[in-house]
Amino acid sequence: MSSILFEIKDSVATITLNRPEKLNSFNREMALLMQEKLDLCKEDKMIRCVVITGSGKAFSAGQDLAEVADPNGPGMQRILSEHYNPIITRIRELKKPVVAAINGVAAGAGANIPLCCDIVVAAKSASFIQAFSKIGLIPDSGGTFFLPRLIGWQKASALMMMGDKITAEEADKLGMLYKCIDDDKFTDEVDAIAKKLAAMPTMGLAYTKKALQWSSTHTIYEQLQNEDKLQQWAAATKDFKEGVASFLEKRPANFIGE
Ligand code: LHQ
């Protein structure tokens, strides 16, 4: 069985982390396969939304620590530069919405990869843990960038240093999630969110993603110019024309993602 499952249905690609017996912890093979699948999502025009989830009881326990300890493993120096950083970069640069669907425990890099996604939802029974401090490491996979921006410096600093496990409901209250969903409704609700996103004006969503990202490194004056530029790009899409036409004609829009 592959360590990454990949399915495309109704313009939604689902990437499932699939090493359930190791709580979907990442080894090199799984990290490289995930990069490959994200590249596929970028190339395939039919795909208009990506969902990342885990199989079994975990989302992901982060780095496979047995691989770190293995003298024949990739070694610490390559793990971030060749495994996690290219995953985070691919997700941020993908011109399509990426939904992290947290089905269970998310620890270490497994807790931080979701934070870079555009929409994060979690089942009520899921949990999050910045496990790094417990083994003497620093939070990686973009966690030091995203977590303080999502929940504030103090909460981020404390969670990262204390290594507390927090429930999905706590994560929701802190601002890490879009929604916390009852377990029995989780799959259906994730499907509904993904289907909705896949039918929306994809380029408009891509430019929204870009605008939000630029906001973290630009002044208000620069950001007003960025919005101006991105709005021109959005207005040049076929979907903008369709959006306005469908509104004026009082009919549902048929967006094509261009
Ligand atoms: C695991 C793992 C795991 C291997 C559970 N590896 N087997 C970047 C730079 C370079 C290097 C290092 O890493 C990084 C990024 C990172 O992600 S660092 C953080 C790495 N992750 C952790 O430190 C989390 C370790 N795991 C845990 O703390 C617990 O397993 C959690 C809290 C996630 C879940 O606890 P439980 O539900 O009680 O499950 P469990 O501990 O019993 O685990 C079940 C099995 O999965 C068990 O195997 P076994 O053969 O005994 O049944 C664990 O050994 C295995 N597993 N995490 N990361």
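The structure displayed is predicted, hence computed values, not measured ones. As the structure lists them, so they are numbered: ligands from 1, and atoms in each ligand from 1. When reading the values below, keep in mind they use all heavy atoms of this one structure, side chains included, and skip hydrogens, waters and symmetry mates.
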Check: Is Glu242 reaching over with its side chain to a backbone N or O of Phe255, donor-acceptor style, under 3.5 angstrom?
Finding: no
Notebook entry, point to check: Measuring from His83:NE2 to Met30:CE, what's the distance to the nearest 0.5 Å?
Noted result: 11.5 Å
Item checked: Shortest non-hydrogen contact between Phe145 and Ser216, atoms and distance -> CZ-OG, 3.4 Å
Item checked: Check: Trp214 and Leu230 side chains under 4.5 Å, non-hydrogen atoms -> yes
Notebook entry, point to check: Without hydrogens or angle criteria, can the side chains of Thr167 and Glu170 be said to hold a donor-acceptor pair below 3.5 Å?
Noted result: yes
Check: Under 4.0 Å between a Lys/Arg side-chain N and an Asp/Glu carboxylate O for Lys185 and Glu189?
Finding: no
Provide, line by line, the atom pairs where ligand 1 and the protein bring an N/O atom each to a distance under 3.5 Å; else say none.
unit_1   : atom_1 : unit_2 : atom_2 : d
ligand 1 : 6 (N)  : Leu65  : N      : 2.9
ligand 1 : 17 (O) : Gln63  : N      : 2.8
ligand 1 : 17 (O) : Ala109 : N      : 2.8
ligand 1 : 21 (N) : Ala61  : O      : 2.9
ligand 1 : 58 (N) : Ala61  : O      : 3.2
ligand 1 : 58 (N) : Gln63  : O      : 2.8

